[in-house]
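Remarks on the structure that follows.
Source: prediction; values computed, not measured. Per chain, numbering begins at 1; letters A, B, ... match sequence-line order.
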2 protein chains.
Amino acid sequence: MDKNMKAHVKITLKKGVLDPQGKAIHQALGSLGFDGIDQVRQGKYIEIDLAETDESKARAAIEKMCEKLLANMVIENYAIELEQT
Amino acid sequence: MDKNMKAHVKITLKKGVLDPQGKAIHQALGSLGFDGIDQVRQGKYIEIDLAETDESKARAAIEKMCEKLLANMVIENYAIELEQT
């Protein structure tokens, strides 16, 4: 089989952590006339193409990557979605 | 009804657009010993809480926000997911 995995990783700030970038977007949207926005939070989105066919191995590898490099576990959470490509 | 919408917006670079940040992550993962990675692409992830109950109106509003402010349509794509909160 010649299948690979694509991982979609969302990294978001934990609840209660200040998000000045999100606030700036909120204000900019307000000044453009967009009303009715309660809150904006900005995070990161990372796509990783992996040469790995086993879903649980791929997930374990991506979790390690998140914890070692991609996310700051003190203030951020991560969510992983895997897709066969 | 007292329901609101939460929009999850992913903003990604279009195919073919250079992604130096993704390359840097790829190299950093390599130097941490993670093998078998073909490509890393970094994008943005934005959550917007909207005081809007109608899904199609919410989607139209978020699309306008993406095109006017959140995404650079020359080099970026956006994808919107809506969720009742």
> Measuring heavy-atom distances to chain A, does E52(B) have an atom under 4.5 Å in its side chain, in its backbone, in both, or in neither?
Replying inline: neither
> Does the pair E47(A)/K6(A) count as a salt bridge with the N-to-O cut at 4.0 Å?
Replying inline: yes
> Among L32(B), L29(B), L70(B), which residue forms the greatest number of heavy-atom pairs with chain A at distances under 4.5 Å?
Replying inline: L29(B)
>> Quiz question: by atom type and distance under 3.5 Å, do the side chains of H8(B) and E83(B) form a donor-acceptor pair?
In response: yes
>> For chain A, which candidate among M65(B), K44(B), Q42(B) shows the most heavy-atom pairs at distances under 4.5 Å?
In response: M65(B)
>> Is it the case that over 12 heavy atoms from other parts of the model lie below 6.0 angstrom from the NZ atom of K14(A)?
In response: yes
>> Between E67(B) and Y78(B), is there a side-chain donor-acceptor contact under 3.5 Å, judged purely by atom types and distance?
In response: yes
